[in-house]
S.K.: 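Handing you a structure now.
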Amino acid sequence: MSLPKEYRYSKEHEWVKVEGDKVRIGITEFAQDELGDIVFVELPEVGDELDLDEPFGSVESVKTVSELYAPVSGKIVEINEELEDSPELVNESPFEKAWMVVVELSDESQLDDLMDADEYQKMIDAE
Amino acid sequence: MTKQADFPVIFELSQENRKGYSLPELDVPDVDLDSEFSSDYIRQTNPDLPEVSELQIMRHYTALSKRNHGVDSGFYPLGSCTMKYNPKINEDVARFPGFSQIHPYQDESTVQGALGLMYDLQSSLSEITGMYDVTLQPAAGAQGEWTGLMMIRAFHEANGDYNRTKVIVPDSAHGTNPASATVAGFEAVTVKSDERGLVDLEDLKRVVGDDTAALMLTNPNTLGLFEEHIVEMANIIHDAGGRLYYDGANLNAIMGYARPGDMGFDVVHLNLHKTFTGPHGGGGPGSGPVGVSEELAKFLPKPVLTTNGESYYFDHDRPDSIGRVKPYYGNFGINVRAYTYIRSMGPDGLKQVSENAVLNANYMMRRLQEEYELPFTQHCKHEFVLSGKNQKKLGVRTLDIAKRLLDFGYHPPTIYFPLNVEEALMVEPTETESKETLDEFIDAMIQISNEAKEDPELVQEAPYTTVISRLDETQAARKPVLRYYRTEE
């Protein structure tokens, strides 16, 4: 599996793509593979605040419900409404079509604490 | 293989005017409905009920029951659920006319025997759990949890302490614990497990505070491991002003040997349909009595069943009570079964139950750890958790292993729980199974592990021998069909 090199990654298996002063967030290929077939994605609402490391939504698969932990703090400016009707996108296209939220960063320095693709690859290889 | 269409629903068997019953002659005066009720309240068309003969009903439901799997038909090692055998003497006693032919509105003086049984059951459960008093009202475990938490809330509020908003639960907890805490108006906070699968004391110290209402815990925990530091944990919670809640789902491992009350727990709920052999798993109903320490007793749901030495009666004069939590008084029929079980086993029998439950689980765990990853290697109590990690590397997931077990005639163990074990497979054999059954199951598990190595596809596509093969669970969850519609011809 190849990881987008320009993305940043969290220990909780989320990816973060920087777009100016905003970031786009989703879960990784590894995360969707661990979870199995996704049947429901619960997302916050536009305008909600995201607090670093706090849960902001959940992903439900056939076997389990897993919380989404905020990789950064900030304000939700966009959510992927398509996931409501098509949760299977998370399995099919975790890095592209199944982005979950776009967040306006409140502290850009938090990005430095996330992993790059090589570091994340090492982490999942060790699991 | 039989197709689903070969099993019509009972409505499809219906033929107009066919009868499967006969009513006795009316022995009370006939009443003309029209003179008693206005037409708004009288049904104008017949209800759409199936009209079938007695034999059709028998065949229909017998056929359905044959497609089912219960503990009376085969091994059912569903971890955390204690699917043990329910002795049939329980059913005999529950059908005694003095228990089955009475009504909750009868005068107390006419049902002293039934009330006496309930009072004795309360006393027995108090003794078994080491608690001061017990209520039989809650209808099942989850309601018991909620009842217990409401009493803890009432306790804090009676002390003028309104800031205790958090309930701590371990990351291995039963899902009902955080759910009950939320429904009772608390915020659920997670405490981590350490590398041995026990509550991490340092993390507990980190999350506890003056906003802690309670810690909810089951001991042994959901990994089947005894929380060795339970007294220290109780001290941490009590020193912070919180109260300790015991989830009785796992009492089957320690009954007769250790009592939650002695460990420092303030509230205990029991699942009579698990440890105390009420039928469950669709058969139900459940029963979830709650035991409390002396300081919490005044908050028990009312009315409280008690005695003045001469007769038993319901005490409604309980000003601090959290109120009634169920109409009438608990699931009486299940409580009769639990009482029968306790009395037919006796104190030594109940101790033997725990011994054999723990012995059976350890025997299976040690034999299975040669083929399956065992994340926590200390002795277990009544259940243990394996990981399907090794098999997953071969492309065979725990779900596939569970499906393959169906071909051997077993109900699969609990899978993907607890959440803190990857590809979890949670086995609880219970004390009622023979060594031969345990060995046969172990052999099947070893065979499946070998199949995963030699022919993974065989496991991935199981089951083969069941009425219905692999279900599309994803589609069922994404696009559930929850209603039956009759197609008119």
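Since the model is a prediction, treat every value here as computed from it, not as a measurement. We use all heavy atoms of the structure for the numbers below, so side chains are in, but hydrogens, waters and symmetry mates are not.
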S.K.: Would one find more than 12 heavy atoms of other residues, nucleotides or ligands at under 6.0 Å from atom CD of A:Glu6?
M.R.: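 Yes, CD of A:Glu6 has more than 12 neighbouring heavy atoms, counting only those of other groups under 6.0 Å.
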
S.K.: What part of B:Gln475 gets closer than 4.5 Å to chain A, counting heavy atoms only: side chain, backbone, both or neither?
M.R.: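 Neither part.
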
S.K.: Where does B:Ile415 contact chain A at under 4.5 Å (heavy atoms): side chain, backbone, both or neither?
M.R.: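 Contact with chain A: none, neither part.
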
S.K.: Check whether more than 12 heavy atoms from other residues, nucleotides or ligands sit under 6.0 Å from atom NZ of B:Lys192, and answer yes or no.
M.R.: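 Not buried by this count: 12 neighbours or fewer within 6.0 Å.
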
S.K.: Is A:Glu34 close to chain B through its backbone or its side chain, or both, or neither, when contacts mean heavy atoms under 4.5 Å?
M.R.: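 Answer is both: backbone and side chain atoms of A:Glu34 are under 4.5 Å from chain B.
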
S.K.: Quick test of your reading of the model: are B:Arg397 and A:Asp37 salt-bridged, counting only N-O distances below 4.0 Å?
M.R.: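 Salt bridge flag = no for A:Asp37 with B:Arg397.
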
S.K.: Can you tell me which portion of B:Lys389 sits under 4.5 Å from chain A's heavy atoms? Options are side chain, backbone, both or neither.
M.R.: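 Looking at B:Lys389, nothing touches chain A.
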
S.K.: Indicate the atoms forming the closest heavy-atom contact of B:Thr474 with A:Val39, along with that distance.
M.R.: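 Scanning both residues completely, I find the closest heavy atoms to be O-CG1, 3.8 Å.
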
S.K.: Assess whether atom CG of B:Asp210 is packed by more than 12 heavy atoms of other residues, nucleotides or ligands within 6.0 Å.
M.R.: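 No, not enclosed.
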
S.K.: So with a 6.0 Å cut-off around CD of A:Glu19, is the heavy-atom count from everything else above 12?
M.R.: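 Yes, CD of A:Glu19 has more than 12 neighbouring heavy atoms, counting only those of other groups under 6.0 Å.
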
S.K.: Starting at OG1 of B:Thr190, measure out to CD of A:Glu67 and round the result to the nearest 0.5 Å.
M.R.: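 Here the rounded value is 7.5 Å.
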
S.K.: Please determine whether the number of non-hydrogen atoms from other residues, nucleotides or ligands lying under 6.0 Å from atom CD of A:Glu92 exceeds 12.
M.R.: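 Counting neighbours around CD of A:Glu92, more than 12 heavy atoms of other residues, nucleotides or ligands fall under 6.0 Å, so yes.
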
S.K.: How about NZ on A:Lys11, more than 12 heavy atoms from neighbouring residues, nucleotides or ligands closer than 6.0 Å, or not?
M.R.: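 No - once you tally the heavy atoms of other residues, nucleotides and ligands closer than 6.0 Å, there are 12 at most.
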
S.K.: Identify the heavy atoms of B:Arg478 and A:Asn91 that sit nearest to each other, and give their distance.
M.R.: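 What the structure gives for the nearest pair is NH2-OD1, 3.4 Å.
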
